[in-house]
Amino acid sequence: VEISPQLGLPRPRQSRRARHAPPMDFLEWLEANGGVCTMQSARDRMSKDALDSMQGSMLWTPLRGWVARVGVQNDVTRSLQAGGVASCVTAFRSLGLWTPHGPQLLHVRVRRRTHSARVALSAVTDGRVLHRMHDRIDEVRPRHGVDSALDALAVASGCVAPDELLAAADSALAKELVNRDQLRELALALPRRRRSGLDWATGLAGSGTESTFAAMLRRAHVRFVQQPELMRERFVDFLIGRCLVVEIDSQLWHATPEQQAADRARDAELTRRGYVVLRFTYEQVLFQPDYVMETVLSVVRRGAHLRQPWG
């Protein structure tokens, strides 16, 4: 029994069922978290009898041990139906991170020792990529069916190119879903061949395209500074040497006529102050990297990047 604070008299202790949330509160919570959760998470909020009564009309089971709201059909439920959880590039999309250009396949992480018929079928199903976590990394069951940013990066380190891994890691840092110490620990736990994209992540890049360009400069042994403030409260993407400014036009931040006009005005002001300004598009960085680097290196070889600006 519990003691009533008002009367000082014993009162019956609430049952576990009485302390559970009403069905609509649970459904609102589930909806706010993507519409999917583990059965254990659901049992923490609803009694077994209440959950059983909601099956079919309000809830369905994409995989044993999981529940989803009726009507929710997305990459997470499809991953569960494939026998695992959303990970790698699929988790990047769900978390709002940068994702590689190309076919949007379903990336599913299954348990290391799983060899079920469901998983075997998924392994030969078009449009699906099955992963298992590296043996040095602990397996974690995500509550809502999507790997954390750190676990998704661990899986992706064995799937995507280093530049793509770098872009995803940079965006995870920028969104504060991971920190540098966590990335460093993850890199140390992985084989050397899977680390490079993580070692270079800084969180300074404003887009995946900037991350890719930064990797290109590092491979060419060109020193640079990211996001320097060359004018009051106005930052540029890259400064090479003293005066070579490189701007990368991502699809998100440089698409509208107003944004493009602002870019041109800033270029003109930088040029007036003695800077050399190069501007490349998303398509050029990703699909014409040789042209981009030859343009940059042609300026560097002449030493034009070392002139002192006068503004």
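The shortest distance between side-chain heavy atoms of Leu217 and Ile240 falls below 4.5 Å. In this structure the side chain of Leu186 reaches within 4.5 angstrom of the side chain of Ile137, judged on heavy atoms. Counting only heavy atoms from C-beta outward, the side chains of Arg109 and Arg132 never approach each other to under 4.5 Å.
Panel note: side chain Thr281, backbone Gln284; a donor-acceptor pair is recorded below 3.5 Å. In this structure a side-chain-to-backbone donor-acceptor pair under 3.5 Å is present from Arg45 to Ser41. When atom types are taken as modelled, the side chain of Gln55 and the backbone of Asp52 share no donor-acceptor pair closer than 3.5 angstrom. Proximity of a side-chain donor or acceptor of Thr202 to a complementary backbone N or O of Leu204 within less than 3.5 Å is detected. Under the 3.5 Å distance criterion, the side-chain polar atoms of Asp151 are left unmatched by any main-chain donor or acceptor of Asp147. Between the side chain of Asp170 and the main chain of Ala201, no donor-acceptor pair closer than 3.5 Å is present. Within the 3.5 Å criterion, the main-chain N or O of Thr77 finds a donor-acceptor partner in the side chain of Asn74.
By the 4.0 Å N-to-carboxylate-O rule, Arg301 lies close enough to Glu294 to be salt-bridged with it. Ion pairing of Glu269 with Arg272 is present here, as a side-chain N (NZ or NE/NH1/NH2) and a carboxylate O approach within less than 4.0 Å. Ion pairing between a basic and an acidic side chain is recognised when a charged N comes within 4.0 Å of a carboxylate O; Arg219 and Asp163 show such pairing. Look at Glu139 and Arg112 and you find a salt bridge, because one of the NZ, NE, NH1 or NH2 atoms lies within 4.0 Å of a carboxylate O, short of that distance.
A continuous path of hydrophobic side-chain contacts links Leu173 to Val160 [ILVMFWY only; heavy atoms under 4.5 Å].
Residues Phe287 and His101 bring their aromatic ring centres within 6.0 Å.
By the 6.0 Å contact criterion, CZ on Arg111 is open, its count of non-hydrogen atoms from other residues, nucleotides or ligands being 12 or less. Atom CZ of Arg143 is surrounded by 12 or fewer heavy atoms from other residues, nucleotides or ligands within 6.0 Å. Surrounding CD of Glu229 are more than 12 heavy atoms belonging to other residues, nucleotides or ligands, all under 6.0 Å away. Dense packing is recorded around CG of Asp181, with more than 12 heavy atoms of other residues, nucleotides or ligands lying under 6.0 Å away.
Using modelled atom types, one finds a donor on one side chain and an acceptor on the other under 3.5 Å when comparing Arg194 with Ser157. Side-chain contact check for Ser122 and Arg128: at least one donor-acceptor pair (N or O, by modelled atom type) lies under 3.5 Å.
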### Task
Dump the intermediate steps for side-chain contact (heavy atoms from CB on, under 4.5 Å) on Val285 and Ile248, then the final yes or no.
CA-CA 8 Å; Val285 173; Ile248 307 298; 4.0 Å; yes

